[in-house]
Amino acid sequence: MTDTSGPAPIRVLIADDQRVVREGLSMLVALIDDVEVVGVAGDGAEAVRLAEIHRPDVILMDLRMPDLDGIAATGLLRERLPLSRVLVLTTYADEDAIVPALRAGARGYLTKDASAEQIEAAIHAVHAGQTHLDPAVQERLVAAVIRSPDPAELVGPGTGGRETQEGRDARKPPDGLTAREAEVLALLASGLSNAEIGQRLYLSHATVKTHINRIFAKTGARDRAQAVRYAYQHGLTAPGE
């Protein structure tokens with residue numbers, strides 16, 4: 001008797017803290033012929049717990065979630081379930097999210113404006129052991145390498161980087177600004193609007209506004225003009241400005 005059964009379906013777990021997103025993704029992924037949704041989680045801790053129960057092939061992982069975020073959950077899954085591959089699906093396509101997620105063990109990275117076809121292709125690629133990155137994510141990584149040609153600047157602790165603590169401290173932006181906030185401030189100082197900054201850095205308008213509010217709070221600036229003055233005083237202007 002001929003065995004007509006096909007290959008086992010790709011078992012997928014979905015983790016996102018927004019219920020409407022979880023349900024939408026679950027319905028979308030379930031429509032893929034050779035894919036089976038085995039569970040949904042509302043935070044990173046639940047994602048790890050359900051993954052240990054269901055042993056999924058692929059985990060669609062959001063990053064910004066309460067309690068245990070997606071990056072921490074990805075690191076735990078790499079240790080506990082090395083055969084389960086994490087595919088990040090998130091709103092954020094900035095270096096501060098991409099690099100830590102990939103360091104933690106994510107095998108793919110998509111933004112939430114990805115089409116159903118892109119999500120399907122990414123699931124298959126990651127399941128096959130390949131790395132799959134959204135084009136915007138690839139561009140951000142290339143930009144990061146161009147800005148920091150020394151590989152030691154992009155590696156984490158214990159991964160072979162030989163950069164000294166003094167070198168790291170020398171590059172830290174002043175007044176507790178993060179690297180992303182310093183980048184936003186530099187673009188603000190070059191005259192870009194919030195919308196233009198968002199387009200340049202692949203950030204939402206709300207995210208840009210949040211960064212600028214934090215910049216104001218940390219630098220003591222009351223408006224954009226004072227923030228620009230601060231940027232020039234501290235050498236935080238964009239190259240060529």
Heavy-atom check, side chain of Leu203 versus side chain of His211, under 4.5 Å: yes
Return the NE2 to CZ distance between His127 and Arg11, rounded to the nearest 0.5 Å. 10.5 Å
Out of curiosity, does Val29 fall in the hydrophobic cluster containing Val20 (side-chain heavy atoms, cut-off under 4.5 Å, transitive links)? yes
Shortest non-hydrogen pair, Pro56 vs Val38, comes out as CB-CG2, 4.1 Å
Considering only heavy atoms from C-beta outward, does the side chain of Glu183 approach that of Asp94 to under 4.5 Å? no
Between atom OG1 of Thr131 and atom CD of Gln138, what is the distance when rounded to the nearest 0.5 Å? 10.0 Å
Heavy-atom side-chain contact between Leu77 and Ser84 under 4.5 Å: no
Below 4.5 Å, heavy atoms only, C-beta onward: do Leu13 and Val40 meet side chain to side chain? no
Identify whether Met61 and Ile98 are in the same connected component of the hydrophobic contact network (ILVMFWY, side-chain heavy atoms under 4.5 Å). yes
Going by heavy atoms in the side chains, are Ile53 and Arg49 under 4.5 Å from each other? yes
Option among Val126, Val137, Val86 that satisfies the side-chain contact (heavy atoms from CB on, under 4.5 Å) test with Tyr109: Val137
Determine whether Met65 and Ile59 fall in the same hydrophobic cluster, where Ile, Leu, Val, Met, Phe, Trp and Tyr are linked whenever their side-chain heavy atoms lie under 4.5 Å apart. yes
In sequence, state the C-alpha distance, the side-chain angles, and the governing distance for Glu46 and Asp67, and then conclude on side chain to side chain contact (heavy atoms under 4.5 Å, CB included). CA-CA 10 Å; Glu46 188 178 17; Asp67 299 326; over 6 Å; no
For Val184, run the side-chain contact (heavy atoms from CB on, under 4.5 Å) check against Thr178, Ile212, Thr210, Leu236 and tell me which one passes. Ile212
Ile71 versus Pro100, closest heavy-atom pair with distance: CD1-CB, 3.7 Å
Over 12 foreign heavy atoms within 6.0 Å of CG, Asp223: yes
Just wondering, do Leu81 and Arg55 contact through their side chains at under 4.5 Å, heavy atoms? yes
Would you check if Val12 and Ile123 make a side-chain contact, meaning some heavy-atom pair closer than 4.5 Å? yes
For Thr111 versus Ala93, what's the shortest heavy-atom pair and its separation? CG2-CB, 3.6 Å
Work out which heavy atom in Arg200 is nearest to a heavy atom in Leu187; give both atom names and the distance. NH1-CD2, 3.6 Å
Minimum heavy-atom separation for Pro66 to Gly42, with atom names? CD-O, 4.4 Å
How many angstroms lie between CG in Asp69 and CG in Asp43, if you round to the nearest 0.5 Å? 10.5 Å
In terms of side-chain geometry, is the basic nitrogen of Asp17 or Arg22 positioned less than 4.0 Å from the acidic oxygen of its partner? no
Interatomic spacing from CD in Glu120 to OG in Ser115 - rounded to 0.5 Å: 9.5 Å
Using a 3.5 Å distance criterion without hydrogens, assess whether the side chain of Glu196 forms a donor-acceptor pair with backbone atoms of Ser193. yes
Let me see the working for Ile119 and Leu25 under side chain to side chain contact (heavy atoms under 4.5 Å, CB included), right down to the final yes or no. CA-CA 10 Å; Ile119 293 173; Leu25 281 173; 4.2 Å; yes
Could you go through the salt bridge (Lys or Arg N to Asp or Glu O under 4.0 Å) check for Asp16 and Lys112 one step at a time? CA-CA 11 Å; Asp16 196 289; Lys112 287 183 178 176; 2.7 Å; yes
Looking only at non-hydrogen atoms, find the nearest pair between Arg64 and Ala97 and report the distance. NH2-CB, 4.1 Å
Identify, with sequence neighbours excluded, every residue that meets ring-ring contact (aromatic ring centres under 6.0 Å, His included) alongside Tyr92. none
Is it possible for you to say whether Leu68 and Val21 belong to one hydrophobic cluster, with membership spreading through side-chain heavy-atom contacts below 4.5 Å? no
Hey, what do you get for CG (Leu185) to CD1 (Ile215), rounding to the nearest 0.5 Å? 5.0 Å
Result for side-chain contact (heavy atoms from CB on, under 4.5 Å) between Leu110 and one of Leu133, Leu89, Leu60 points to Leu89
Stepwise, does the salt bridge (Lys or Arg N to Asp or Glu O under 4.0 Å) test hold for Arg19 with Glu23? CA-CA 6 Å; Arg19 180 176 179 180; Glu23 293 178 350; 2.9 Å; yes
For the CZ atom on Arg224, are there more than 12 heavy atoms of other groups (residues, nucleotides or ligands in this structure) within a distance under 6.0 Å? yes
How about Arg107 and Leu87: do any of their side-chain heavy atoms sit closer than 4.5 Å? no
In Å and rounded to the nearest 0.5 Å, what is the CD1 to NZ distance from Ile197 to Lys209? 13.5 Å
In terms of hydrophobic clustering (I, L, V, M, F, W, Y; side-chain heavy atoms under 4.5 Å; direct or indirect links), are Ile10 and Val88 co-clustered? no
